[in-house]
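Every chain is numbered from 1, with letters handed out A, B, ... down the list of sequences.
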2 protein chains.
Amino acid sequence: MNKFSTQPLRGFSDFYPEEMRVDKWILGKIREVVEGYGYEEWNGPTLESIDIFAAKSSEELVTEQAFIVEKVKGEKLILRPELTPSLARMVAAKIKELELPLRWYVFPNCFRYERPQRGRRREFIQVNVDILSHDGLYADLEIFNIIVDIMKSFGVTGKQFQIRWNNRRFLDELLLMVAKVPEGLKNQVYKMIDKRDKMEPAEYEKWVRDTLRDDAAADRVLQIGSFHDINVLPFDNLPHEFFEYPGVKEVQQLTEMIKKAGLKPYCTFSPEIVRGLDYYTGTVYEVFDTGTENRRALFGGGRYDNLIDLFSDVQLPGTGFGLGIYVLELFLTTYNKIPPEVKLPDRSHGVYIAPLDASCLLLAIKVAQLLRAQGKQALVGYDCRKLGRQIETASKRGFPYVIIIGKKEVDAQSVTLKNLQNGEQQTVPIAEMGKILVSKT
Amino acid sequence: MNKFSTQPLRGFSDFYPEEMRVDKWILGKIREVVEGYGYEEWNGPTLESIDIFAAKSSEELVTEQAFIVEKVKGEKLILRPELTPSLARMVAAKIKELELPLRWYVFPNCFRYERPQRGRRREFIQVNVDILSHDGLYADLEIFNIIVDIMKSFGVTGKQFQIRWNNRRFLDELLLMVAKVPEGLKNQVYKMIDKRDKMEPAEYEKWVRDTLRDDAAADRVLQIGSFHDINVLPFDNLPHEFFEYPGVKEVQQLTEMIKKAGLKPYCTFSPEIVRGLDYYTGTVYEVFDTGTENRRALFGGGRYDNLIDLFSDVQLPGTGFGLGIYVLELFLTTYNKIPPEVKLPDRSHGVYIAPLDASCLLLAIKVAQLLRAQGKQALVGYDCRKLGRQIETASKRGFPYVIIIGKKEVDAQSVTLKNLQNGEQQTVPIAEMGKILVSKT
C-alpha cells in the first residue's frame with residue numbers, strides 16, 4: 001500500500017515536545033510580565049464571520065491571505081488572521097457590564113495564507129496585549145513599559161532592540177500642514193512611507209516625486225525618516241501654531257513621559273513608522289532588532305480610538321500590540337537568549353522506577369502511585385529490560401533517581417534507591433522512601 | 001450605520017476572562033496529573049490534509065461534520081476534528097529517532113460541525129493523552145490510573161464516575177464464536193451495540209432480531225450489556241477453548257491487574273462498550289457519570305495496534321483517550337466541584353496604586369515598576385479618581401493592598417500603604433515598602 005506523507009501542510013508546523021517546550025517557555029515569560037501588570041487572559045473563537053474583518057482589516061487579509069470555510073452557501077467564515085475584530089465584538093457585547101480599564105491578553109493561533117519564509121508560517125501564535133480605557137498616553141506608556149519588560153525578561157537590552165514609535169495624528173498634521181500634501185494623496189503617501197524601508201533610496205525618491213508632482217512637498221516627505229526629535233525638525237516653514245496641534249502635543253508629551261519613566265534607552269521617536277492596518281488613530285509603534293539579522297519589524301501595535309464602532313455606538317479607545325512568537329524566537333536565537341535546557345523536560349521531581357521482571361510490576365506501579373501522591377513525577381519501565389539498560393534510559397532522560405524493584409524488594413516490601421548524581425544506593429522500606437528522595441534543584 | 005452582531009458564530013464560544021479561568025483551572029489540574037506520569041506536551045497543526053482522516057476516521061467526521069478549506073482547487077484541508085491522525089503522522093515521521101515508550105499529551109482545539117447542544121460545541125478543547133509502546137495491558141492500566149487520578153484531583157469519587165471498559169478482540173470472539181453472528185454482519189452488530197444505550201429496549205431488540213434473522217444468535221447478542229464479570233457469563237454454549245482465546249485472556253488479565261492496582265472501585269468491565277471510531281483494536285473504555293444528569297459518555301478512548309500504518313511499515317501500538325473539557329465541566333458543575341474562586345483573578349500578590357492627581361502619576365508608575373521587579377502584581381489607576389472610588393475599585397477587584405500617592409508622598413518620595421483586609425494604613429519611604437507588603441495567602 002502507498003503510504004501518506006508524514007509532513008505537515010506547507011507553511012504549517014509540527015510541535016514535538018522539544019519545540020513545544022520552547023514555545024511554552026517564551027509564552028510563560030510573557031505571561032509572567034503581563035500578569036504583573038494585572039492583565040487577564042481571554043480568547044475568542046478560531047472561526048469568525050468574514051464580514052467583521054472585511055470592514056476594518058486590510059483588504060489582502062480577507063482575500064488572498066484568508067483561509068475561508070463555506071459550510072452554508074453564501075456564509076463565509078474566516079480562520080482568524082488577527083484578534084482585534086474579535087476583541088471589539090466581545091467588548092461591545094458586554095460594554096455595559098465590563099468595568100474600564102480592561103487589561104486583556106490572549107495567545108491565539110492565527111492563520112494567513114502567505115508565502116512561508118523565515119519566521120513566517122501560515123499558522124502562528126500571536127500574543128495580543130491590549131488596554132481599553134480613556135487613559136490616553138498613560139495607556140500607551142504602559143504598553144511601552146510592558147514591551148520593555150518582556151524584552152528584558154529574555155535578557156535583551158536596549159542596544160539590541162528599539163521601540164520605534166510615531167503618532168498617526170501627528171503624521172497627518174505633518175503631511176497636510178507642513179509638507180502640503182493634497183488631502184487626496186494622503187493615503188498614497190502613507191503607503192509609500194510604509195514601504196520606504198523595503199525599497200532602494202533612489203527608487204523610493206522617484207516614486208514620491210512622481211506621485212506628488214510637487215518638488216517642495218516631495219522634499220519634505222523625503223525628510224521623513226531622517227529626524228527623531230519632535231523639537232528639532234528639519235522644516236523651515238513650520239506654521240506659527242504648529243506646537244498647538246493635538247498630534248504634535250501628544251508626541252511632545254509622550255516624549256517627556258518616556259524620559260521620566262526611564263524608558264528612553266528603549267524608545268526612538270520615528271515619524272516614518274506608519275503600520276499598515278487601517279484602524280490605528282494615535283500612537284503607533286514597531287519593535288526592531290537594532291542589528292542586521294532581523295530587518296523586518298519584530299512586532300508592533302498602536303492606538304485605535306474607534307475600536308468597537310462596528311458593533312456599538314459607544315466610543316471606546318484602546319491600544320495594544322500583536323507579537324508573533326516565531327519571529328521573536330528567531331530574534332532571541334540570534335542573540336543566544338534561549339537557554340538550551342529549555343528544550344529538555346523538567347525532571348527535577350522525577351523518579352524512574354525499574355522493575356527487574358514482570359513479577360515486580362505491580363509493586364512498581366504501587367510505588368509510583370505513592371510517589372505521585374507526594375508530588376513526584378514517577379515513570380515505570382514496564383518492559384523490565386536489564387537493569388543497566390533501564391538506568392541508561394533514566395539517565396539519558398534526565399531523571400535524578402532510579403528506584404529498583406526486584407524479587408528481594410517485593411518480598412521485603414522495600415525499594416532500592418539509586419541516586420544517579422552521586423551513584424549512592426540504599427534499600428529502604430517503602431514507607432521511608434519519601435524522606436530520602438530530595439528534589440534535584 | 002447598521003451595526004454587526006456581537007454574538008459569536010453558532011456553536012462557537014467567546015471566552016471572557018472569567019470563563020477562561022475555569023478552562024485554565026481544569027486544564028491545569030489535568031496537566032499536573034499527566035506530568036506526574038512523565039507525559040510530555042506536543043501539538044500538531046490546526047489544518048491537515050483531509051486524506052489522512054478519510055482513511056481512518058468515521059465517515060461522518062470527514063463529510064457532514066467537517067469544516068473544509070479549499071485554498072487550492074482540489075486540495076481539501078480539514079480543521080482537525082480529532083488529533084489521532086496527526087499523532088500518527090508525526091510519530092511516523094520520526095519513528096527512527098523517537099525512543100519508546102512515548103508518553104504524550106496535547107490540549108488542542110478541535111472542530112466538528114454538529115448540532116450544538118449541552119456540552120457540545122463546534123469548536124472544543126479535547127485533551128489527548130496517549131502512550132505509544134509495546135507494554136500492552138500495562139499501558140492500558142496506566143491510562144486507567146491517569147483517568148482515575150484526574151477525576152480524583154477534582155474531588156470526584158468512584159461513586160460518581162465509572163470507567164466502563166471492554167476489549168474489541170474479546171467482543172469479536174464473543175460475537176463470532178459464542179453468539180455465532182455471521183462474519184458479514186459483525187460490523188452491523190457492532191453498530192447496533194454502540195447505539196443500544198440511546199434506544200428504547202423494545203426498539204433495540206426488534207432491530208437486533210430483524211438484522212440477524214436468527215433467534216439463538218439474537219438472544220445472545222441481546223445479553224450483551226447484562227453481565228460485568230468475565231468469569232460469570234450467561235452463555236451455555238461456551239466453546240471448550242474459550243478461556244484460551246487471546247481477547248478473553250486479555251480481559252481476564254486486565255481484570256486482575258485492575259484489582260491489584262486498587263482501581264476496582266473505579267472500573268466496570270462492560271462488554272457493551274464499542275466506541276464508534278474504527279481504528280481501535282484491543283481495550284476500549286468510556287467514562288460515565290453514575291448519576292442521571294449526564295447520560296452520554298463523558299469521554300473515552302482505546303487501544304490502536306496499527307496506529308501509524310498509513311504512514312509507515314513499522315508496527316507501533318498505543319492507547320489513549322480524548323477528553324472534551326466542556327462535557328467534563330458540566331459533569332464537575334453537576335457535582336459542585338468547581339470552586340467559585342476559580343472564576344476570580346489571582347490577586348494574592350496584587351497592589352493597586354492610587355495616584356491622587358495627574359502630578360502624582362509618574363511616581364505611581366515608578367512605584368509600580370519597583371513592585372513588579374519584586375514579583376508583585378501592580379496596577380495603576382491612571383484616571384486619578386477620588387480616593388474613595390479608587391479604593392472601592394481595588395477592593396471589588398480583590399486587591400489586598402492599595403498604595404496611595406498624593407503631593408505629600410511625591411515631595412517626600414514616600415508611599416501611603418493601606419491594607420484592605422484590616423484597614424491599617426501607614427506612610428513609609430519607597431525603599432521600605434517591599435518589606436511591609438506581605439502576600440495575601
Side-chain angles (χ1 to χ4, degrees), chain A residues 3-4 6-9 12-17 20 24 35-38 40-49 51-52 67-69 71 77 79 89-90 92-94 104 109 113 123 134-135 138-139 141 145 149 260-261 310-312 345 350 361-362 365-366 369 372 377-379 382-383, chain B residues 3-4 6-9 12-17 20 24 35-38 40-49 51-52 67-69 71 77 79 89-90 92-94 104 109 113 123 134-135 138-139 141 145 149 260-261 310-312 345 350 361-362 365-366 369 372 377-379 382-383:
Chain A
K3 302 295 180 188
F4 287 106
T6 59
Q7 293 309 299
L9 296 170
F12 288 80
S13 305
D14 291 335
F15 299 88
Y16 291 87
M20 195 73 192
K24 283 165 75 175
E35 297 212 334
Y37 283 78
E40 299 177 49
E41 191 170 359
W42 65 285
N43 203 355
T46 301
L47 285 170
E48 287 274 11
S49 162
D51 302 340
I52 67 172
F67 286 98
I68 306 281
V69 175
K71 201 65 203 175
L77 316 182
L79 270 79
R89 183 178 59 67
M90 283 174 58
K94 296 212 177 181
W104 280 12
N109 45 348
Y113 190 78
E123 177 176 10
H134 298 282
D135 299 323
Y138 284 100
L141 185 71
N145 219 330
D149 281 0
K260 288 198 175 142
L310 287 181
F311 304 98
S312 161
L361 267 168
L362 282 162
I365 290 168
K366 189 176 142 194
Q369 285 168 328
R372 289 183 200 116
Q377 180 191 62
L379 204 144
Y382 296 115
D383 51 2
Chain B
K3 301 295 180 189
F4 286 106
T6 59
Q7 293 309 299
L9 296 169
F12 288 80
S13 305
D14 291 335
F15 298 88
Y16 290 87
M20 195 73 192
K24 284 165 75 175
E35 297 212 333
Y37 283 78
E40 299 177 49
E41 191 169 359
W42 66 285
N43 203 355
T46 301
L47 284 170
E48 288 274 10
S49 162
D51 302 340
I52 67 173
F67 285 99
I68 306 280
V69 175
K71 201 65 203 175
L77 315 182
L79 271 79
R89 184 178 60 66
M90 283 175 57
K94 297 211 178 182
W104 280 12
N109 45 348
Y113 190 78
E123 177 176 10
H134 298 282
D135 300 323
Y138 284 100
L141 185 71
N145 219 329
D149 281 0
K260 288 198 176 141
L310 287 181
F311 304 98
S312 161
L361 267 169
L362 282 162
I365 290 168
K366 189 177 142 193
Q369 285 168 328
R372 289 182 200 117
Q377 180 191 62
L379 204 143
Y382 296 115
D383 51 1

Query raised in the report: Which bit of A:Tyr37 comes within less than 4.5 Å of chain B, counting heavy atoms only: side chain, backbone, both or neither?
Result: both
**Report entry** Exercise: identify the closest heavy-atom pair between A:Leu379 and B:Gly38
**Finding:** CD1-CA, 4.0 Å
**Report entry** Non-hydrogen atoms of B:Trp42 and A:Met20 that approach each other most closely
**Finding:** C-SD, 3.8 Å
Requested in this report: Give, as side chain, backbone, both or neither, the part of A:Asp14 having an atom under 4.5 angstrom from any heavy atom of chain B.
Outcome: both
Query raised in the report: Relative to chain B, which segment of A:Pro8 carries a heavy atom at a distance below 4.5 Å: side chain, backbone, both, or neither?
Result: both
Report task. Please look at A:Ser49 and chain B and tell me whether the side chain, the backbone, both or neither of the residue comes under 4.5 angstrom of a heavy atom of that chain. Result -> both
Report summary line: If you tally heavy-atom pairs under 4.5 Å between each of B:Gln377, B:Arg372, B:Glu40 and chain A, the highest tally belongs to B:Arg372
Report task. Tell me, out of B:Ala92, B:Gly350, B:Ser312, B:Ala261, who's got the most heavy-atom pairs with chain A below 4.5 Å. Result -> B:Ser312
Report task. Under 4.5 Å heavy-atom distance to chain A, tell me which part of B:Tyr113 shows up: side chain, backbone, both or neither. Result -> side chain
Query - Which portion of A:Lys71 sits near chain B, non-hydrogen atoms under 4.5 angstrom - result: side chain
Query raised in the report: When rounded to the nearest 0.5 angstrom, what distance separates CE in A:Met90 from OG1 in B:Thr6?
Result: 10.5 Å
Query - Heavy-atom proximity to chain B below 4.5 Å, by part of A:Glu123 - result: side chain
Report task. For the residue pair A:Leu47 and A:Leu79, establish whether any side-chain heavy-atom pair is separated by less than 4.5 Å. Result -> yes
Report summary line: Of B:Ile365, B:Leu361, B:Leu141, the largest count of non-hydrogen pairs under 4.5 angstrom with chain A goes to B:Leu361
Query raised in the report: So does B:Lys24 have more than 12 non-hydrogen atoms from other groups sitting under 6.0 Å from NZ?
Result: yes
Requested in this report: Measure A:Leu9 against the heavy atoms of chain B and call it side chain, backbone, both or neither at under 4.5 Å.
Outcome: side chain
**Report entry** Among the listed options B:Gln369, B:Lys260, B:Glu41, B:His134, the residue most often paired with chain A at heavy-atom distances under 4.5 Å
**Finding:** B:Glu41
Requested in this report: Check for a donor-acceptor pair, side chain of B:Arg89 on one end and backbone N or O of B:Phe311 on the other, with a separation under 3.5 Å.
Outcome: no
**Report entry** Minimum heavy-atom distance A:Ala93-B:Gln7, with the two atoms named
**Finding:** CB-NE2, 4.5 Å
Query raised in the report: Within the side chain of A:Tyr138, is there an N or O that forms a donor-acceptor pair under 3.5 Å with the backbone of B:Asp383?
Result: no
